[in-house]
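What follows is a single structure, written as structure tokens, with notes after it.
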Amino acid sequence: MTAAQPKASHHINGQYREDASGRSFESIYPATGEVNARLHSATPAVIEQAVAAAKAAQPAWARLKGVERGRILLRTAQILRERNEEISRIETLDTGKAIQETLVADAASAADALEYFGGLAGAITGEHVDLGGDFVYTRREPLGICAGIGAWNYPVQIAAWKSAPALACGNAFIFKPSEVTPLTALMLAEAFKDAGLPDGLFNVVQGFGDVGAVLASHPDIAKVSLTGSVPTGAKVLAAAAQTIKAVTMELGGKSPILVFDDADIESAIGGAMLGNFYSTGQICSNGTRVFVQRGVHDRFLERLKTRTEAIRLGDPLDPDTHLGPMVSKAQRDKVLGYIETGKSEGARLVTGGGVPEMQGFEKGAWIQPTVFAGVTDEMTIAREEIFGPVMSVLSFDDEDEVIGRANDTQFGLAAGVFTADLTRAHRVIAKLDAGTTWINTYNLTPVEAPFGGVKQSGIGRENSRAAIEHYTRLKSVYVATGPVDSPY
Ligand code: NAD
């Protein structure tokens, strides 16, 4: 077996666990189709072990002072940074993303979240409300056991974005990675263990949707946070409804980027490329509908084509490679299907659109970065989330028109505006139905900023102080300072 094979599939109560009776599955290196590792999906017995371990460990963790919990998260962050190269390599093998990206955007972002929430842990407080004698105070209490279910595009980042605030608030956590990318959540579990996190507080159970569904409906689990597609979100919400669980939903998008005539064109092109091609287009907040104002449209397209054709596809482990393959052949074929639909519905292919010839990587899930122009609002490629490196360029004439068109979607995850006009930038952003927005940049998601969607793109927020609200419950305590005034 390869160097990527973990010691066992699951990590429960501080130990690797295996149960070979669970359905077996493989982690595949999508650049070559080679097998990285073989694992087993969690059986009901494994899931129950994780829940029991979390239940046993959580009360003592919740009784610690915030700074004591935070100290362990900070140590975990340091360990992730020390192991960044090793984790990035495994992340590249699991996802196919170029090492140039995984070195800066995956374990590093996970460490940011652990540092942010580690620092915040001692500052999680309630409030005092004076009632002119009597008073009320509020306590921010942990929820208990929280579960996280991950997508395959940012495996270790998603695990940390969910577990860091959960643990900072005094909860225990059970994470189910995507079955497509099971490996680095186990490395996060090792880092927590080595940092001194008490056993049972961070558990990893592997598996398919059925394992996620058990977590989402489990009576002992108080909250579920999903990163995934809208249809999966609807299923997880329905499962969570059985026990009235708290939920955070980070779902899909079809986000707009608006480029006005006065924008810095090279920056707008750079933003649009980052917002469509980074991680081979597999980012939920991608700005896949690029609306370009008529006056700069042709120049924008010409430079976009030149710059897109200069993107270097290649060996994902080569630090000079910009773009790796997609996560799987199934996902690649789905995207190729959308490209065919785009062509047949009349969009004009500007560049890309096919499978590149990659010597030594013939069995990989490769696809060219693709740009369509002449896209109209009704086309399938302008309406559905493709989740691949396919940019649709649409043209527009005026501000009100483009705002209406940008908002004409069931999604509402993200949006971006490129303009040199300060007043227009803020006016337009205020009118866009999106949870996460940018002015004159795109897709930057620092842990300090709330991240999440509106409409069908999600419920709740990750990152920032806002995440604390989603991993705590509020208790109000009324305190009387005199005798009870009763008519009886
Ligand atoms: P997916 O919805 O297929 O799967 C997500 C996770 O849900 C996986 O772990 C899967 O095993 C699990 N799952 C599937 N069915 C389930 C069920 N019935 N009950 C419980 N869990 C179940 O998504 P994906 O293909 O892994 O990821 C791509 C999608 O995720 C895209 O739509 C993308 O936009 C979205 N995404 C959103 C964000 C965000 O933060 N908003 C980030 C990354 C990806």
Side-chain angles (χ1 to χ4, degrees), residues 23 25 39 41-42 47 94-95 97 105-106 109 113 147-162 174-182 185 204-218 221 224-242 245 247-255 275-276 278-288 326-328 330-332 334-335 338 384-388 409-414 434-436 443 445 447 449-463 467 470:
R23 177 177 162 192
F25 66 99
L39 297 97
S41 182
I47 299 170
D94 221 3
T95 62
K97 294 193 293 182
D106 291 85
S109 165
I149 302 173
W152 39 254
N153 56 346
Y154 279 86
V156 78
Q157 183 199 78
I158 291 171
W161 279 20
K162 296 184 190 307
I174 302 174
F175 186 68
K176 189 202 85 65
S178 164
E179 61 274 25
V180 185
T181 54
V204 178
V205 296
Q206 305 284 357
F208 296 81
D210 58 335
V211 175
V214 172
L215 296 175
S217 58
H218 199 291
I221 294 179
V224 60
S225 173
L226 168 76
T227 297
S229 60
V230 172
T232 303
K235 286 185 206 157
V236 171
L237 266 178
Q242 294 172 38
K245 272 188 197 20
V247 293
T248 296
M249 293 278 147
E250 295 291 352
L251 309 177
K254 190 75 199 173
S255 301
N276 277 273
Y278 204 71
S279 295
T280 319
Q282 303 160 112
I283 299 184
C284 50
S285 51
N286 271 356
T288 46
M326 300 211 58
V327 77
S328 67
Q331 185 65 21
R332 193 270 310 270
K334 194 176 139 207
V335 176
Y338 274 111
E384 295 183 13
E385 183 182 47
I386 298 175
F387 222 57
T409 164
Q410 79 271 29
F411 297 109
L413 185 52
T436 309
N443 256 0
T445 55
V447 66
F451 183 83
V454 299
K455 301 202 285 192
Q456 290 187 26
S457 289
I459 299 172
R461 291 293 175 269
E462 296 199 303
N463 291 342
H470 300 291

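Reckoned from all heavy atoms, side chains included, excluding hydrogens, waters and symmetry mates. Order of listing sets the numbers, starting from 1, for every ligand and every atom in it. As the structure is a computational prediction, the values presented were derived from the model and not from experiment.
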For [X] and ligand 1, answer yes if some heavy atom of the residue is under 4.0 Å from a ligand atom, otherwise no.
| X | result |
| --- | --- |
| A216 | no |
| G150 | yes |
| L226 | yes |

With a heavy-atom distance limit of 4.0 Å, tell me whether [X] approaches ligand 1 through its side chain, its backbone, both, or neither.
| X | value |
| --- | --- |
| F451 | side chain |
| E462 | neither |
| K235 | side chain |
| L413 | side chain |
| E179 | side chain |

Who's closest to atom 35 (C) of ligand 1 heavy-atom-wise, of A414, G228, P231?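 It is G228 that holds the nearest heavy atom.
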If hydrogens are left out, which of G209, A238, G233 has an atom nearest to atom 16 (C) of ligand 1, that is, the closest non-hydrogen atom?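 The option holding the nearest heavy atom is G209.
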Does an N or O anywhere in [X] fall below 3.5 Å from an N or O of ligand 1?
| X | result |
| --- | --- |
| N153 | no |
| T227 | no |
| F387 | no |

For [Y], is there any backbone N or O sitting under 3.5 Å from a side-chain donor or acceptor partner on [X]?
| X | Y | result |
| --- | --- | --- |
| E385 | G253 | yes |
| E462 | I158 | no |
| Q282 | V327 | yes |
| T248 | S225 | no |
| S328 | Q331 | yes |

Does the pair D106/K97 count as a salt bridge with the N-to-O cut at 4.0 Å?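 Here D106 pairs with K97 in a salt bridge, since their nearest N and O are under 4.0 Å apart.
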Would you mind checking which non-hydrogen protein atom is closest to [atom], with the distance to 0.1 Å?
| atom | answer |
| --- | --- |
| atom 27 (O) of ligand 1 | A151 CB, 3.4 Å |
| atom 38 (C) of ligand 1 | C284 SG, 2.8 Å |
| atom 25 (O) of ligand 1 | W152 NE1, 2.9 Å |
| atom 12 (C) of ligand 1 | I149 CG2, 3.6 Å |
| atom 4 (O) of ligand 1 | T232 OG1, 4.3 Å |
| atom 41 (N) of ligand 1 | L251 O, 2.8 Å |
| atom 32 (O) of ligand 1 | E385 OE1, 2.6 Å |

